[in-house]
Amino acid sequence: YHATTDGTKKCEAEWPLGYFWLSIIASRIRGSKTEAKLWLMDGFLQMNKAGEIPELYRGNTPIHTPLVWAHSFAMIAWHNLRNDPSSFAI
């Protein structure tokens, strides 16, 4: 959550690595490759034009780009689906 110093603008931060975390949970714990794919693709949509995953967004502004551990989560999530022949190929 972020508020300006004068309190006029308030917004919640968005954490792109959360999409990849949810993909990992969906594939490893819930056993749902379909759900895992949806979370993975939502995460990929958060990347900037250079293919970097920011730590967070405030509004439409990426903060702290790239974030290495967000990229690590993305690679694990992708790897979980890539090794499943019933899933999709990237």
Side-chain angles (χ1 to χ4, degrees):
Y1 180 79
H2 172 74
T4 58
T5 55
D6 65 5
T8 58
K9 182 178 179 183
K10 299 177 181 177
C11 65
E12 293 185 24
E14 299 173 31
W15 301 87
L17 69 91
Y19 292 106
F20 302 113
W21 174 247
L22 290 170
S23 177
I24 293 166
I25 296 300
S27 66
R28 294 250 176 130
I29 295 175
R30 296 172 53 96
S32 175
K33 299 297 182 180
T34 301
E35 183 184 354
K37 178 183 174 184
L38 292 174
W39 287 120
L40 180 66
M41 298 312 293
D42 283 346
F44 284 156
L45 291 173
Q46 306 305 310
M47 292 179 168
N48 65 20
K49 292 179 183 179
E52 301 168 330
I53 305 167
E55 178 181 7
L56 62 98
Y57 282 92
R58 282 196 196 124
N60 291 327
T61 305
I63 309 292
H64 307 297
T65 302
L67 182 67
V68 176
W69 57 291
H71 284 262
S72 299
F73 277 38
M75 293 305 298
I76 293 167
W78 174 78
H79 181 74
N80 286 342
L81 292 173
R82 182 84 169 125
N83 287 336
D84 181 0
S86 68
S87 191
F88 66 103
I90 295 178

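Scope of the values below: all heavy atoms of this structure, side chains included, with no hydrogens, waters or symmetry mates. In this chain, numbering begins with 1 at the start of the sequence shown. Predicted model only: the values in this text are computed from it and were never measured.
- For the atom pair L81 CG and I24 CD1, the distance stands at 10.0 Å (nearest 0.5 Å).
- With hydrogens and angles disregarded, a donor-acceptor distance shorter than 3.5 Å links the side chain of S27 to the backbone of S23.
- Applying the side-chain contact (heavy atoms from CB on, under 4.5 Å) criterion to L22, with sequence neighbours excluded, gives W39.
- Screening W21, W15, Y19 against F73 for a ring-ring contact (aromatic ring centres under 6.0 Å, His included) leaves a single residue, W21.
- In this structure, M75 CE and R82 CZ are separated by 10.0 Å, a value rounded to the nearest 0.5 Å.
- Taking CG of D42 as the start and CZ of F20 as the end, the distance is 9.5 Å to the nearest 0.5 Å.
- Between I53 and A70, the shortest heavy-atom distance links the atoms CG2-CB, 3.6 Å.
- To the nearest 0.5 Å, atoms CG (L38) and OG (S32) are separated by 8.0 Å.
- Considering all non-hydrogen atoms of both residues, E35 and R30 come closest at OE1-NE, 2.9 Å.
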